[in-house]
There are 2 protein chains.
Amino acid sequence: MKKEAEFIAGGGVTTPRGFLAGAVKAGIKYADKRRLDLGILLAERTGAAAGLFTTNKVKAAPVLLDIERLRKGTARAVVMNSGGANACTGKQGMADAIETAALAARHAGVEPEETLAASTGVIGVTLPMDRIRQAIPKIVLSREGGHDLARAIMTTDTVPKEAAVKADGFIIGGMVKGAGMIHPDLATMLCFLTTDARVETAFLRQALRKAADLSFNMMSVDNDNSTNDTVVIMASGLAGGEKITRGGRRAETFQQALNQVCIYLAKESARDGEGATKLIEVKVSGAASLKDARLAARAIAGSMLVKTAVHGSDPNWGRALAAAGRSGAEVTPEKTELFIGGTRVVKDGEPVAFDKAEVVGHLDGKEVTIALDLHLGRGAATAWGCDLSEEYVKINAEYTT
Amino acid sequence: MKKEAEFIAGGGVTTPRGFLAGAVKAGIKYADKRRLDLGILLAERTGAAAGLFTTNKVKAAPVLLDIERLRKGTARAVVMNSGGANACTGKQGMADAIETAALAARHAGVEPEETLAASTGVIGVTLPMDRIRQAIPKIVLSREGGHDLARAIMTTDTVPKEAAVKADGFIIGGMVKGAGMIHPDLATMLCFLTTDARVETAFLRQALRKAADLSFNMMSVDNDNSTNDTVVIMASGLAGGEKITRGGRRAETFQQALNQVCIYLAKESARDGEGATKLIEVKVSGAASLKDARLAARAIAGSMLVKTAVHGSDPNWGRALAAAGRSGAEVTPEKTELFIGGTRVVKDGEPVAFDKAEVVGHLDGKEVTIALDLHLGRGAATAWGCDLSEEYVKINAEYTT
């Protein structure tokens with residue numbers, strides 16, 4: 001059993017040593033400046049950095065900029081906004097992303113080339129650069145600024161989502177936004193992670209990919225993935241000590257701690273999915289391979305019919321089996337075993353008598369667990385999703401107008 | 001330009017010569033027998049038959065039975081029910097499917113081995129065989145029975161969906177049910193097609209596959225596909241004349257007519273999707289390949305964000321581009337051109353000024369067209385879907401309970 005890292009109460013991106021943050025009301029979406037919508041995350045020292053970005057072929061300008069700037073494996077700052085995605089905005093969009101990063105760099109006293117940008121909001125609208133130019137100099141960077149920054153990137157999120165854990169001499173902090181368009185292989189979802197650990201870039205890249213595969217790539221709100229998905233980690237190195245490298249002494253400890261932060265943030269994102277009233281956790285075991293387990297778990301967590309059944313506390317377990325069956329995973333129906341909460345509802349592919357009141361009671365709760373044992377092999381994976389409510393439709397039918 | 005076959009007003013599965021049908025209220029779902037839920041489609045002569053079935057690894061008992069029985073390439077009858085899917089019902093389910101087919105065969109005076117079965121409804125509940133045994137002898141088969149049969153297979157469908165076309169000396173009829181769980185590569189969707197044409201089995205199989213690829217495999221209601229999806233075509237041969245064979249004189253005419261019936265039924269299914277208020281037609285052109293065009297069209301038609309935007313008449317075109325971008329199709333953002341209705345909203349990947357009132361007016365209509373030209377090649381495809389409404393969630397949150 002791996003030792004778990006310890007969560008730090010009230011922790012976030014500025015909890016690790018060497019990070020400052022701040023945010024302002026720039027009026028990007030709402031001219032009346034009713035909310036925080038622009039901010040900066042700054043590392044006090046240049047350290048290793050890594051990023052993961054949307055696999056969508058339509059990538060927002062800041063995503064294209066960040067991919068380019070992270071090639072060298074370091075970064076100092078990220079400027080981020082909600083209220084506009086700066087996607088499908090052409091050459092003007094790229095010019096605006098570059099200018100925004102340059103303004104943030106000047107304000108923070110770092111180089112433009114080590115400054116990243118991230119945007120979220122409506123696609124196809126250029127950023128209001130006049131407001132951004134006025135607002136950036138007003139951003140106050142502080143050790144306490146992480147919480148404001150977590151609010152500044154919210155869109156339809158109902159709560160900010162932050163975490164920090166303490167492990168063997170280092171801290172990892174993080175925050176995420178993303179309530180819609182969340183799906184395997186990233187979504188709009190912006191996630192920023194920080195650590196004071198001294199880490200090698202090559203290791204950091206690999207660790208981020210592994211952690212994302214267990215967390216953000218296993219959650220789904222609505223099967224769409226976005227033009228802007230971004231996960232960035234920056235390391236200040238201020239914890240000192242021996243550098244953490246691939247295969248090195250603390251590599252596994254770091255990986256474990258990073259997994260914990262990412263899984264926590266992924267679950268909180270699914271729980272806060274647009275219109276969501278329940279978190280759904282799907283555990284698949286006994287799959288023929290890890291890949292199959294991941295496919296089946298994600299298919300169940302993402303199924304609209306499963307999501308609506310959970311919403312209505314309807315123990316319609318056939319929908320979970322059907323979702324696994326179309327997932328691409330190997331499934332031998334007569335071997336399947338399915339549990340809702342702790343209650344077995346299917347054995348050997350057939351319904352078994354169960355206490356319906358008990359299952360409905362579980363489905364009425366805030367966290368619903370569906371466990372499928374395929375009885376074919378040793379592949380296992382966990383995915384997270386949320387129920388689908390009328391509220392989701394209302395939110396998404398009225399987003400731009 | 002291919003010559004279009006002529007639609008026959010009020011046509012259905014018993015419009016081609018040599019087909020009888022009938023349905024009764026068996027009380028399968030509702031003990032009070034409030035609705036038609038069991039029926040038989042009968043060919044007066046044994047002829048060629050072909051079927052397409054769900055790709056889901058969890059297949060309902062009747063699907064497994066039909067796949068086996070269609071190997072010989074002929075069939076005389078199909079017994080069908082709503083109110084229970086007979087899926088995930090194990091050995092009992094298969095025994096029930098075989099018995100139901102045998103009872104229907106005896107009643108219709110044909111061999112059990114040339115009788116197929118089809119079921120739709122809740123998964124995991126065995127069929128009420130006592131009621132089915134009592135009801136089958138009461139089914140009256142007639143030339144007018146197609147309309148009753150189309151009603152008997154409805155579940156959450158709001159209207160029966162039937163059609164028939166007349167071409168070069170033959171007629172093709174069809175009916176479909178399927179309002180939820182509809183998605184590329186079939187869904188619960190039951191579709192039965194009939195023709196009086198004399199056709200070779202090998203050709204019929206190929207023609208059915210081609211027609212399905214242009215119709216049922218291009219429609220999506222909710223991205224789920226079911227354990228029961230079935231498309232079956234039976235040919236009575238009573239139109240006489242030269243047998244239609246692959247590459248033969250009337251092969252193209254038959255294919256064209258079959259395409260028309262299937263596309264009509266697919267569109268009507270999407271229009272009648274659960275909770276749907278609008279039909280969405282997505283035309284992708286200029287794709288690098290046919291495959292890419294199909295991927296992009298289906299991704300847009302199936303996107304929850306596109307569907308909710310259409311529901312709210314929100315001209316949020318970025319969602320359509322984002323869906324194409326994640327579809328797997330080759331997309332060069334700066335070449336894309338997008339139209340909503342007749343109005344161009346994106347050119348060279350960037351928004352262009354458009355008359356918002358005009359676009360909203362189109363989105364307020366009952367049929368919404370989204371056209372995407374990728375400007376990369378000659379691949380073109382059309383997909384159909386429907387908007388996503390609060391009503392969809394209500395229907396699916398309360399299905400079994």
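Below, chain A is the first sequence line, B the second, and so on; all start at residue 1.
- For B:Gln92, no part lies under 4.5 angstrom from a heavy atom of chain A.
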Exercise. I would like to know whether B:Glu334 and A:Lys91 meet side-chain contact (heavy atoms from CB on, under 4.5 Å); could you show each step before the answer?
Key: CA-CA 10 Å; B:Glu334 56 273 25; A:Lys91 285 178 190 134; over 6 Å; no
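- Annotation: side chain of A:Glu390 is in contact with side chain of B:Lys394 (closest heavy-atom distance under 4.5 Å).
- Remark: of the listed residues B:Val331, B:Thr332, B:Thr336, B:Val331 is the sole one forming a side chain to side chain contact (heavy atoms under 4.5 Å, CB included) with A:Val58.
- When each of A:Val125, A:Leu321, A:Thr126 is checked for heavy-atom pairs under 4.5 Å with chain B, A:Leu321 comes out on top.
- The greatest number of non-hydrogen atom pairs below 4.5 Å with chain B, out of A:Gly318, A:Ala85, A:Gly93, is found for A:Gly318.
- Listed here is the closest heavy atom pair of A:Lys57 and B:Pro333: O-CG, 3.3 Å.
- B:Val393 places a side-chain heavy atom less than 4.5 Å from the side chain of A:His311.
- Contacts of A:Glu391 with chain B are absent, with no heavy-atom separation under 4.5 Å from either backbone or side chain.
- Within residues 370-377 of chain A, no residue has a heavy atom under 4.5 Å from a heavy atom of chain B.
- For A:Ser327, the side-chain contact (heavy atoms from CB on, under 4.5 Å) partners are A:Leu295, A:Ala296, A:Ala299, A:Ala329, not counting sequence neighbours.
- Remark: B:Met304 CE to A:Glu274 CD distance equals 9.0 Å, nearest 0.5 Å.
- When the options A:Thr55, A:Thr227, A:Asn56, A:Thr54 are evaluated for a side chain to side chain contact (heavy atoms under 4.5 Å, CB included) with B:Arg326, the one that passes is A:Asn56.
- One distance of note links CZ of A:Arg319 with SG of B:Cys88; it measures 13.0 Å at 0.5 Å rounding.
- A:Gly124 and B:Pro351 make their closest contact through O-CG, 3.2 Å (heavy atoms, listed as atom of the first residue, atom of the second, distance).
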